[in-house]
Amino acid sequence: MSAIRHALTTKRADDFSAWYQEVISAADMAEESGVRGCMVIKPWGYGIWERIQRLMDDRIKAAGVQNCYFPIFIPLKNFEREASHVDGFAKEMAVVTHHRLIADGKGGLIPDPEAKLEEPLVVRPTSETIIGDAMARWIQSWRDLPLLTNQWANVVRWEMRTRMFLRTSEFLWQEGHTAHATREDALEETHRALEMYRACAEDDLALPVIAGEKPENERFPGAVETWSIEAMMQDGKALQAGTSHYLGTNFAHAAGIQYQDKEGGQQFCHTTSWGVSTRLIGGVIMTHGDDDGLRVPPRIAPHQVVIIPMLRETPEDEALLDYCEDLRKLVAAQAALGEPVRVLLDKKPGKAAAKRWDWVRKGAPLIVEVGPRDMAEGNVAVLRRDRLWNQDNGKPAFSFVSREDFSAQAPALLEAIQQALYDEARERRDANVTRGVTSMDQVAAHFADNHARPGWVEVQWSKPTSAALEAATEQLKALKLTIRNVPRDAEPADGTCIFTGAPATERILVARAY
RNA sequence: CGGGGAGUAGCGCAGCCCGGUAGCGCAUCUGCUUUGGGAGCAGAGGGUCGCAGGUUCGAAUCCUGUCUCCCCGACCA
């Protein structure tokens, strides 16, 4: 057993936060922009987002939802109409007040005082209010319902503390907005979206998640119910990976979204909204990354197979490139996970070994190296990113197979990697959810211990509200804990409330969170 | 937004206390050697020291302001 020389300098176990940042730069996913809280998403990071977008968009459209685009600028007045929405977002708004710059006489530029906007515009932090305006125009009759819209957009929230992908001032997301005739219809849509997110997270991103309802204090501003999917990161902290809200008639009242029912009466619509963002990429990193960089699940990998010819800048290179190009065509003609295999022949000049480690850090699922001798023997050298090392000799675990066998096996390998990443994350998650905790003392002991990874704790409660809930969350806050959600699929409660001692009605998950 | 730390070559860092015109490792480029798994040797290129003022004959170094990043807290669909 030799010491393994990992591709990153920081190990997860030593400094998870520094490791996370190193993955992002080493995998060339994103970089700082110089503007507070804003990042440049580079091709490999954006390529992963494009894959997520594509797969999610297919699911959205399959549900009969249509894409639209609404303005990035929202009249300030819109936000004054829904009281809790104001409270939720007022503190983090970017506001546009001028429409022209003039020279300041010192070589610089300043907003022209003469060009002040009569009514300031806010850069959207979310689009409920402006889409509400549109819904009020578009909906007249019960025949116009349900109205199912979605948009892919950027949003801005002036965050105090930012982290790449997890919390940035500007981020990319998808926001679905729907209007329905009844509460039941709107709740059904809320749950449909939640289930869509669960399926996308688990099947596409290989992120095991727990779907459930957020407690009252964690609701979206203006929502009647907020539901989430929660994923466990490798340090045991929870990441809210997607949310779906039942908004009741709150926004319908604020924007006047009404329809005439079959009896001729005017009714307010019940609306929903739901979203996932580039934060998912942070979740993928912290779930699947290892001490050699990222490991991208094949379904969302921009390149699933990367072929690296061992070029030597000699005339023989040409034959080797031909051999690799034939391999590329063979593999690209295959289908895996329901789509043509995405394969890249990396012809860039440079040492094969250096390029190999670049792709390891980026996390391409299958890396294939081909040298002159491989070519002579009709072989290729295959490296599975999810099983990188030969533990016996501390070297990369290449397997040598014929070119034809590899191309035939590539789809099955990709499917196996997709499944292996999910299984690994699922086992880790399941091993780190603690049940049977029945007192706050036990909770405190669990999280106070020198647990490297305390994970999540499931407890029972009586769903206290308002002041009683506040008292409960204060106790948790002292331990830096939050209620993640009330798992949809949990067993029925059978004990007493950990906060009040009353008979419990639900099970909740308690954890530290991003 | 409060407390702490940091910004010097693509990356990681030294130099700063005690002012004298910038250095190391990796990476890059060139040459030679090597050639089945993260090559060796030699040489070279690359930095207005985050930005703006100030002190000084002279500022990476001292002073003031400001921007950005990291950690802790507050806040956070």
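Basis for what follows: all heavy atoms, side chains included, without hydrogens, waters or symmetry-related copies. Within every chain, numbering begins at 1; the chains are lettered A, B, ... in the order of the sequence lines, protein sequences first and strands thereafter.
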* To do: Flag the pair A:Glu22 and A:Arg12 as a salt bridge only when some basic side-chain nitrogen lies within less than 4.0 angstrom of an acidic carboxylate oxygen.
  => no

* Asked: Expressed in whole Å, how much space separates the C1' atoms belonging to B:rG46 and B:rC57?
  -> 31 Å

* Structure fact -> Closest to the side chain of A:Ser17, out of B:rC76, B:rC71, B:rC1, is B:rC71

* **Opposite nucleotide pairing with B:rG10, Watson-Crick or G-U, both atom distances under 3.5 Å** => B:rC26

* Asked: Could you state the CG-C1' distance from A:Asp104 to B:rA52, rounded to the nearest angstrom?
  -> 14 Å

* Write down the distance separating the P atoms in B:rC18 and B:rC63, rounded off to the nearest Å. => 10 Å

* To do: Identify the nucleotide, in any strand shown, that forms a Watson-Crick or G-U wobble pair with B:rU34, with both distances under 3.5 Å; if there is none, say none.
  => none

* Asked: So which of A:Arg163, A:Arg167, A:Gln240 actually passes side-chain contact (heavy atoms from CB on, under 4.5 Å) with A:Tyr514?
  -> A:Arg163

* From CA spacing to verdict: ring pair (Phe, Tyr, Trp, His ring centres under 6.0 Å), A:Trp359, A:Trp44 -> CA-CA 10 Å; A:Trp359 286 112; A:Trp44 188 245; 5.5 Å; yes

* To do: In whole angstrom, give the distance that lies between atom CE of A:Met160 and atom P of B:rG3.
  => 15 Å

* Quantified in whole Å, what is the P atom distance between nucleotide B:rU55 and nucleotide B:rU61? -> 15 Å

* **Any A:Lys480 side-chain N or O less than 4.0 Å from OP1/OP2 of B:rG73** => yes

* To do: Determine the interatomic distance between C1' on B:rG12 and the same-named atom on B:rG47; round to the nearest Å.
  => 16 Å

* To do: Look at the side chain of A:Thr162 and decide which nucleotide, out of B:rU35, B:rC76, B:rC70, has an atom nearest to it.
  => B:rC70

* Asked: Using a cut-off of 4.0 Å on non-hydrogen atoms, how would the nucleic acid contact of A:Arg157 be classed: base, sugar-phosphate, or nothing?
  -> base

* Trace of the side-chain hydrogen bond (donor to acceptor under 3.5 Å, both in side chains) decision for A:Ser228 with A:Glu230 -> CA-CA 6 Å; A:Ser228 73; A:Glu230 302 283 330; 2.8 Å; yes

* Can you find a heavy atom in the side chain of A:Met39 that is under 4.5 Å from one in the side chain of A:Ser33? -> no

* Asked: When you compare B:rG15 with B:rG23, how far apart are their P atoms, in angstrom units rounded to a whole number?
  -> 16 Å

* Hey, is A:Arg356 close enough to A:Glu369 for a salt bridge, meaning N to O under 4.0 Å? -> yes

* Asked: Rounded to the nearest Å, what distance is computed from the NZ atom of residue A:Lys348 to the C1' atom of nucleotide B:rA27?
  -> 14 Å

* Asked: Base, sugar-phosphate, or nothing for A:Thr126, non-hydrogen atoms under 4.0 angstrom?
  -> nothing

* B:rC75 C1' sits how many Å from A:Glu92 CD, rounded? -> 9 Å

* Which part of the nucleic acid, if any, lies within reach of A:Phe171 when heavy atoms closer than 4.0 Å are counted: base, sugar-phosphate only, or nothing? -> base

* NA contact type, A:Trp158, heavy-atom cut-off 4.0 Å: base, sugar-phosphate, or nothing? -> nothing

* Asked: Which base sits across from B:rG20 as a Watson-Crick or G-U pair, both distances under 3.5 Å?
  -> B:rC57

* To do: Check every strand shown and say whether A:Gly34 touches a base, only sugar-phosphate, or nothing at a heavy-atom separation below 4.0 Å.
  => sugar-phosphate

* Toward the 5' end of RNA chain B, by each residue's nearest nucleotide, A:Ala354 or A:Ala18 -> A:Ala354

* Taking the C1' atom of each, how far is B:rG45 from B:rG54, in whole Å? -> 36 Å

* To do: May I ask you to say what A:Arg163 touches in the nucleic acid, namely base, sugar-phosphate or nothing, with a heavy-atom cut-off under 4.0 Å?
  => sugar-phosphate

* Can you figure out which of B:rC75, B:rC72, B:rA39 approaches the side chain of A:Arg161 most closely? => B:rC72

* **Span that lies between the P atom of B:rG7 and that of B:rA60, in whole angstrom** => 16 Å

* Name the nucleic acid region contacted by A:Tyr20, choosing base, sugar-phosphate or nothing; use a 4.0 angstrom heavy-atom cut-off, strictly under. => nothing

* Do A:Arg361 and A:Asp28 meet the salt-bridge criterion of a basic N to acidic O distance under 4.0 Å? -> no

* Structure fact -> Answer for the Watson-Crick or wobble partner of B:rU64, both distances under 3.5 Å, is B:rA52

* Watson-Crick/G-U partner (both atom distances under 3.5 Å) of B:rG45 -> none

* Asked: What's the NZ-C1' distance between A:Lys91 and B:rC76, to the nearest Å?
  -> 8 Å

* Asked: When we call it a touch if two heavy atoms are under 4.0 Å apart, what does A:Pro372 touch: a base, just sugar-phosphate, or nothing?
  -> base

* To do: Could you check whether A:Arg356 gets within reach of a base, just the sugar-phosphate, or nothing at all, counting any heavy atom under 4.0 Å?
  => sugar-phosphate

* For side-chain contact (heavy atoms from CB on, under 4.5 Å), just list the numbers for A:His191 and A:Tyr246, CA-CA rounded to whole Å, side-chain angles, deciding distance to a tenth of an Å, and then say yes or no. => CA-CA 9 Å; A:His191 286 99; A:Tyr246 167 57; over 6 Å; no

* Asked: What's the CG-C1' distance between A:Leu8 and B:rC26, to the nearest Å?
  -> 15 Å

* Among B:rC70, B:rA74, B:rC72, find the nucleotide with the atom closest to the side chain of A:Lys477. => B:rA74

* Structure fact -> With the side chain defined as heavy atoms from C-beta on, A:Lys351 is closest, among B:rG73, B:rA39, B:rC1, to B:rA39

* Determine the interatomic distance between P on B:rA59 and the same-named atom on B:rC49; round to the nearest Å. => 11 Å

* Asked: Looking at the side chain of A:Arg36, which of B:rC72, B:rC1, B:rU68 is the nearest nucleotide?
  -> B:rU68

* Asked: Toward the 5' end of RNA chain B, which comes first, A:Arg312 or A:Glu32, by nearest nucleotide?
  -> A:Arg312

* Structure fact -> Between CD of A:Glu170 and C1' of B:rU68 the distance, given in whole Å, is 17 Å

* Structure fact -> Winner on side-chain proximity to A:Glu159, out of B:rC76, B:rU68, B:rC71, is B:rC76

* To do: Return the value, rounded to whole Å, for the distance between atom CE of A:Met375 and atom P of B:rU35.
  => 18 Å

* Asked: Using a cut-off of 4.0 Å on non-hydrogen atoms, how would the nucleic acid contact of A:Gln21 be classed: base, sugar-phosphate, or nothing?
  -> sugar-phosphate

* To do: Please determine which of A:Leu345, A:Asp322, A:Asp317 meets the side-chain contact (heavy atoms from CB on, under 4.5 Å) test together with A:Pro309.
  => A:Leu345

* To do: Quick one: label A:Gly37 by what it contacts on the DNA or RNA (base, sugar-phosphate, nothing), any heavy atom closer than 4.0 Å.
  => sugar-phosphate

* NA contact type, A:Trp19, heavy-atom cut-off 4.0 Å: base, sugar-phosphate, or nothing? -> nothing

* Asked: For B:rC69, which nucleotide in any strand shown is its Watson-Crick or wobble partner with both distances under 3.5 Å?
  -> B:rG5

